[in-house]
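The structure appears right after this line, and notes come after that.
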Amino acid sequence: MRPFHPSRRGFIAGAGALAGSTSLIRPNRLWAQSLADQELRTVGLSVTVQERILQEFQQTSGVGSVSGKADIFPNTQTELLSGSTAYDCWETIGERLPAMTITNTIAPIATSDLSNWGDIRPIFSEVAEGMTPQAHIAGQIWADEAKTQLWMVPTVFNFDSIGYRPDLVEAEEANSWTCLFDDKFKGKSGLNVDPLIAFGQAILAMNSLGLLEVPNPGNPSIEEIDEAAAFLISKKKGGQFRALWGDFGELVNLLASGEMVVADAWQPAVMAVKAQGIPCAYAVPKEGYRGWAIGISMVDGTPNAEAVKAYADYWLSGPPAITVSEQGYYSPTTKIKEVMDPAKYAFWYEGQPWTGAPERGIAEGDLRDGGSLEERASHVAYWHQWPDEYDHLMMKWDEFLSA
């Protein structure tokens, strides 16, 4: 079933437990007084919708009741745009915001209602040089030019790359988006089922191969979409892809088994393979990473607006992001440094060698693939966005799936 989109029935398919102690979090007594009669009903990917995080939030804030549902973006998109009132907030991704703002499905959250907003990283308040606001996360999340109202309060972000088996693929080969389409890996390459991801990656590869010259792969023209679609279809017909994957577990299993040796991947999936004692690495693509951010959007008309604001502020307090940081994601707030184990923070955020006992495939002296947050952030090719020619892109994606 295709999720609803404001202009046509067609939208993109497909996209830890809390570490730390409650002693790190000081309950806000004003919250406790105002939220006792409120409830929080949230929905989003399982990476952020975690029972322990929700329980800790309830204990910290004093909210009356809390429930969460883990589901993929398209399913929730369909529910909300169909008029569902089952949720108070959606833990969505920045590129999907236009569909929700156009239809008045979500309402903005004022930064003045977020006591922890002052510690947000500049990446969410300052558009990168050379990018338009539409093309950068700092331009996508704001509801007003004065930057006082947010369509989405960011909670997790990352820069995606290629996961590969270093025992089967040379790093030099994997460090380019062209490897996903290289005949050498025919039948052992994986491609994500999200068309915005797939098209962007194909364009990055085609740029490197001299087939296209697209400055922003996240927003191709009709002609560029046509060229990328023809490229993708030819590769599919040639048997390039072992799988069009959409599930985290599926990705882990295919990489671990060696059925896929290269794939566009989420870094936590690479870590999950390593945790099984199987070599797996995250490439540093010469063309650059894909940037994205997940955050909390408030459903318009919710009777539990204060609970939603408190939940968003809680994520920015630091502790909820400890586990997701240790999986390979980043927290948008600098407060994470105050609550995370210093040695682990040094490894995940500062590019320092791992110290201490081995953990989930990480051994003494290992470095995070790609280096520090600062280093990886400086190597972003583009941020995911809602393309101007979305409808045409979806039409071509249908042709790809049918090929």
Side-chain angles (χ1 to χ4, degrees), residues 12 14-16 42-49 53 72-73 76-77 89-101 106 108-109 111 114 116-117 119-128 131-143 147 149-161 192 194 196-197 200 216-219 264-268 288-298 308 311-318 320-321 323-325 327-336 348-349 370 373-374 376-387:
I12 64 178
T42 188
V43 60
L45 294 183
S46 59
V47 66
T48 56
V49 180
I53 292 175
I72 61 174
F73 294 131
T76 306
Q77 183 94 31
C89 67
W90 182 23
E91 303 184 40
T92 186
I93 194 165
E95 69 215 45
R96 294 176 178 269
L97 291 173
M100 311 307 282
T101 60
I106 59 175
I109 295 174
T111 57
L114 304 170
N116 293 305
W117 183 255
D119 295 289
I120 203 71
R121 298 183 190 279
I123 201 169
F124 294 96
S125 58
E126 302 170 9
V127 174
M131 289 190 179
T132 64
Q134 179 190 11
H136 190 269
I137 191 63
Q140 297 170 6
I141 62 176
W142 293 100
K147 297 183 179 179
Q149 303 275 334
L150 290 157
W151 288 123
M152 183 187 88
V153 180
T155 57
V156 173
F157 72 105
N158 209 351
F159 311 118
D160 281 355
S161 180
N192 192 284
D194 184 327
L196 297 189
I197 292 176
N216 179 10
N219 193 24
D264 52 348
W266 302 329
Q267 192 159 33
Y289 300 105
R290 293 184 289 101
W292 57 266
I294 288 173
I296 292 168
S297 289
M298 181 164 64
V308 175
Y311 182 55
D313 202 32
Y314 173 66
W315 264 99
L316 296 179
S317 69
T323 295
V324 292
S325 293
Q327 292 174 328
Y329 297 116
Y330 295 118
S331 172
T333 175
T334 58
K335 282 183 176 289
I336 186 69
W348 289 110
Y349 282 84
L373 168 57
E374 183 179 5
R376 297 185 76 227
S378 68
H379 193 52
V380 173
Y382 71 96
W383 283 84
H384 289 192
Q385 71 175 89
W386 181 280

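Note that these values count all heavy atoms, side chains included, but never hydrogens, waters or copies made by symmetry. Everything quoted here is computed from the prediction, not taken from an experiment.
- Within the model, atoms CD1 of Ile296 and CE of Met152 stand 9.5 Å from one another, a figure rounded to the nearest 0.5 Å.
- The CG atom of Leu373 sits 9.5 Å away from atom OG of Ser378, with the distance rounded to the nearest 0.5 Å.
- Tyr311 and Thr42 share no side-chain donor-acceptor pair at under 3.5 Å.
- Remark: the backbone N or O of Asn192 is paired with a side-chain donor or acceptor of Asp264 at under 3.5 angstrom.
- Between the side chain of Gln140 and the backbone N or O of Gln134, at least one donor-acceptor pair lies under 3.5 Å.
- Under the 6.0 Å cut-off for aromatic ring centres, Tyr330 and Tyr349 qualify, their centroids lying closer than that.
- Taking OG1 of Thr334 as the reference point, atom CG of Asn116 lies at 9.5 Å (rounded to 0.5 Å).
- A donor-acceptor pair is defined here as one N or O able to donate and one able to accept, closer than 3.5 Å; no such pair exists between the side chain of Lys335 and the backbone of Leu316.
- With values rounded to the nearest 0.5 angstrom, His136 atom NE2 is found 9.5 Å from Ile141 atom CD1.
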Item to complete: Take Val153 and Met298 through the test side chain to side chain contact (heavy atoms under 4.5 Å, CB included) and record every step on the way to the result.
Response: CA-CA 9 Å; Val153 180; Met298 181 164 64; over 6 Å; no

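- Here the straight-line distance linking atom CE of Met131 with atom CD1 of Ile137 works out to 11.0 Å at 0.5 Å rounding.
- In this structure, Arg376 is positioned above the aromatic face of Tyr289, its NZ or CZ under 6.0 Å from the six-membered ring centre and within 45° of the axis.
- Trp292 and Asn158 are not linked by any side-chain donor-acceptor pair at a separation below 3.5 angstrom, with hydrogens and angles left out of the test.
- A 4.5 Å side-chain heavy-atom check between Val156 and Pro332 finds every atom pair outside the cut-off.
- Ring geometry for Phe124 against Trp383 counts as perpendicular: the plane angle is over 60°, on a 0 to 90° scale with 30° as the lower cut.
- Remark: His384 NE2 to Arg290 CZ distance equals 4.0 Å, nearest 0.5 Å.
- Side-chain atoms of Ser331 never come within 3.5 Å of backbone atoms of Ile336 as a donor-acceptor pair (strictly under, hydrogens ignored).
- Between Trp142 and Trp117, the ring planes are perpendicular. Angles over 60° get that label, and only those under 30° would be called parallel.
- The closest side-chain heavy-atom distance from Leu196 to Trp386 is not below 4.5 Å.
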